[in-house]
Amino acid sequence: MGAYEYTALDAGGRQRKGVLEGDTARQVRQALREQGMIPLNLDEVVRQEGKKRGPVLRGGVSATDLAVVTRQLATLVRSGLPLEEALTTVGEQTEKPRLKSLMMGVRSRVLEGRSLADGLADFPSVFPELYRATVAAGEQSGHLDVVLERLADYTEKRQQMRQKMTLALLYPTLLTFVALAVVGLLLTYVVPQVVQVFENVGRELPWLTTALIAVSDFLIDNGVLLLVAGGMIGFAFWRLLKRPGFRYRVHQMLLRAPLSHRLVRGLNTGRFARTFSILAASGVPVLEGMRISAQVLSNIPMRAAVDKASERVREGSSISRALESSGLFPPLTLHLIASGESSGRLEEMLERAADNQEREIETLVAVLMGVFEPVLLLAMGGVVLIIVLAILVPILELNQLVM
């Protein structure tokens, strides 16, 4: 039995959309006709998902939606509700057609006798490998409810971390944009209007005023060209980032830069530890857990370091020593992993390492933003002060001549 998304006309001629289950598309069309509707379009959910495995521009599932669905499913399974009924309830609970069709599609696979992990595998753009591997481990161990609770905690913590970073960067970004816009407006509109007063003075203008006029004229004459050049440079850089070799060098440079290395290393280390922790706690084998955890790292050199470390673990090395050889992971994280290996509490130590890294990142971002905002305000105030002085100095000189 499959799930089908339909578009149909009801008896009043209004267009209706929804999801129905059926063995074949013909059966679903017949069911729609029996309800007094005329089917216009019918797509099997899995086949439709296959068309959307590229970048999803609309109708996608956000991280927040995934966290909510996971929490609801975990709660229902823990309460003893059969899996297919839990999936139906979650699908009916949501008001988003995209989520509803996904839940019904997964449910149809479960009703066919496949596991939940196999049903989720039909939607890889929504449920990543980490999600599917954890669910598969929970089903094999008979503790699906516990694993789903952990997954819900994991997705919620990741979403919370993402929201904190977004909110922390939003204000400085807006402030920078406004500052550049104000300075640009002053130089290209206000300054030319004011300096017209000095054109017929017949005296040599102060060097500050002359320099300001030159900068203003340059921006007026070449402003559009500068914007186009900036856009072309940005586009070229974006295209170069698609090349693995160039992207690797850029990521390597970020790990060495004075300001970015702590942020990049901390974010990726926390993400690795958090992911590895939930996989280890769910019963996923260590090597498989390291392989999947490496895929969540956004920094390519660190991802390669984890892949190389997993090879050393396969050869008999400990996880902490294998990661330490790369020199990319913080010592505290390595000590916690070593402690977890020796005590048999690896997942607990990994979670503690993730918590520690996330706290450090939050503190670092708060400090950087606390320094950046006043520095930007001072810089903007300095630029405005220079513009004001460049305009006032010749005016004051003219007043002295009159007196």
Side-chain angles (χ1 to χ4, degrees), residues 52 55-78 86-87 90-91 93-103 106 116-117 120 123-135 138 144-173 263-282 284 289 292-299 302-303 347 350-366 368-369:
K52 297 181 180 180
V56 180
L57 299 181
R58 62 177 184 174
V61 176
S62 66
T64 303
D65 291 336
L66 183 60
V68 171
V69 166
T70 306
R71 176 63 67 189
Q72 292 174 346
L73 188 60
T75 302
L76 293 172
V77 173
R78 179 174 284 276
L87 290 169
V90 172
Q93 176 70 23
T94 181
E95 297 179 354
K96 298 185 177 180
R98 172 76 167 143
L99 280 176
K100 187 184 296 290
S101 63
L102 283 174
M103 291 297 102
V106 174
L116 176 60
L120 299 176
F123 308 94
S125 61
V126 178
F127 304 102
E129 186 176 4
L130 159 69
Y131 201 103
R132 304 194 305 270
T134 307
V135 169
L144 180 60
D145 54 343
V146 178
V147 167
L148 286 172
E149 290 282 355
R150 290 176 182 151
L151 264 178
D153 292 337
Y154 172 81
T155 51
E156 287 171 358
K157 286 181 180 179
R158 281 204 63 180
Q159 180 61 15
Q160 289 170 4
M161 187 66 182
R162 187 175 303 173
Q163 288 177 344
K164 288 179 181 178
M165 294 296 296
T166 302
L167 291 175
L169 296 175
L170 179 61
Y171 177 68
T173 302
L263 185 62
V264 173
R265 188 176 69 166
L267 279 172
N268 282 274
T269 300
R271 189 176 297 171
F272 168 77
R274 181 73 66 191
T275 305
F276 197 11
S277 171
I278 188 174
L279 290 170
S282 303
V284 177
I292 296 174
S293 300
Q295 296 178 8
V296 305
L297 301 181
S298 59
N299 186 268
M302 294 188 71
R303 187 188 308 167
E347 62 273 10
L350 283 168
E351 186 173 1
R352 188 174 298 179
D355 291 337
N356 178 73
Q357 286 299 317
E358 288 171 0
R359 282 195 298 268
E360 285 191 6
I361 289 299
E362 290 178 11
T363 302
L364 178 61
V365 170
L368 290 177
M369 294 302 101

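- A distance of 4.0 Å separates CG in Leu144 from CG in Leu148, rounded to the nearest 0.5 Å.
- Across every non-hydrogen atom of Thr269 and Gln357, the tightest pair is CG2-CG, 3.9 Å.
- The closest side-chain heavy-atom distance from Leu130 to Ile278 is below 4.5 Å.
- A donor-acceptor pair under 3.5 Å is absent between the side-chain atoms of Arg132 and the main chain of Leu120, judged by distance alone.
- Considering CG of Leu263 and CG of Leu368, their distance stands at 7.0 Å, rounded to 0.5 Å.
- In the displayed structure, Gln163 atom CD is contacted under 6.0 Å by more than 12 heavy atoms of other residues, nucleotides or ligands.
- For the residue pair Val264 and Met302, the shortest heavy atom distance occurs at O-SD, 4.4 Å.
- Between Glu358 and Lys157 there is no salt bridge, since no side-chain N of the basic residue sits under 4.0 Å from a carboxylate O of the acidic one.
- With sequence neighbours excluded, the residues satisfying salt bridge (Lys or Arg N to Asp or Glu O under 4.0 Å) with Asp153 are Arg71.
- A pairwise comparison of heavy atoms in Val147 and Gly138 identifies CG2-CA, 3.5 Å as the closest pair.
- Of the possible donor and acceptor atoms, one in the side chain of Ser293 sits under 3.5 Å from a partner among the backbone N and O of Phe276.
- Annotation: side chain of Arg271 is in contact with side chain of Arg158 (closest heavy-atom distance under 4.5 Å).
- Annotation: the span from Ile361 atom CD1 to Leu267 atom CG amounts to 4.5 Å, rounded to 0.5 Å.
- For the residue pair Ala273 and Ala353, the shortest heavy atom distance occurs at CB-CB, 4.3 Å.
- Of all heavy-atom pairs spanning Thr155 and Ala67, the tightest one is OG1-CA, 3.5 Å.
- Taking every heavy atom of both residues into account, Val284 and Gly289 meet most closely at CG1-N, 3.9 Å.
- Met161 has its side chain within reach of Glu362: a pair of non-hydrogen atoms, C-beta onward, lies under 4.5 Å apart.
- With rounding to the nearest 0.5 angstrom, the CD atom of Glu156 is 11.0 Å from the CG atom of Leu151.
- More than 12 heavy atoms of other residues, nucleotides or ligands shown are found within 6.0 angstrom of CZ on Arg303.
- Residues Val90 and Lys100 fail the side-chain proximity criterion, which asks for heavy atoms closer than 4.5 Å.
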Q.
Before you tell me yes or no, could you show the steps for Arg359 and Asn356 under side-chain contact (heavy atoms from CB on, under 4.5 Å), namely the whole-Å CA-CA distance, both residues' side-chain angles and the distance that decides it to 0.1 Å?
A. CA-CA 5 Å; Arg359 282 195 298 268; Asn356 178 73; 4.1 Å; yes
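- Rounded to the nearest 0.5 angstrom, Ile292 CD1 and Leu279 CG are separated by 5.0 Å.
- Proximity of Leu364 to Glu360: side-chain heavy atoms (C-beta onward) are nowhere separated by under 4.5 Å.
- One finds the CD atom of Gln72 at 9.0 Å from the CG atom of Leu99 (value rounded to the nearest 0.5 Å).
- Side chain of Asn268 to main chain of Ser298: a donor-acceptor pair is present (N/O by atom type, distance under 3.5 Å, no hydrogens or angles).
- Using a 4.5 Å heavy-atom cutoff, the side chains of Thr94 and Val69 are not in contact.
- Every residue was checked against the side-chain hydrogen bond (donor to acceptor under 3.5 Å, both in side chains) condition with Glu351, not counting sequence neighbours, and none meets it.
- Asp145 places none of its side-chain heavy atoms less than 4.5 Å from the side chain of Glu149.
- Ring geometry for Phe127 against Phe123 counts as perpendicular: the plane angle is over 60°, on a 0 to 90° scale with 30° as the lower cut.
- Side chain to side chain, Tyr154 and Ser277 fail the donor-acceptor criterion of an N or O pair below 3.5 Å.
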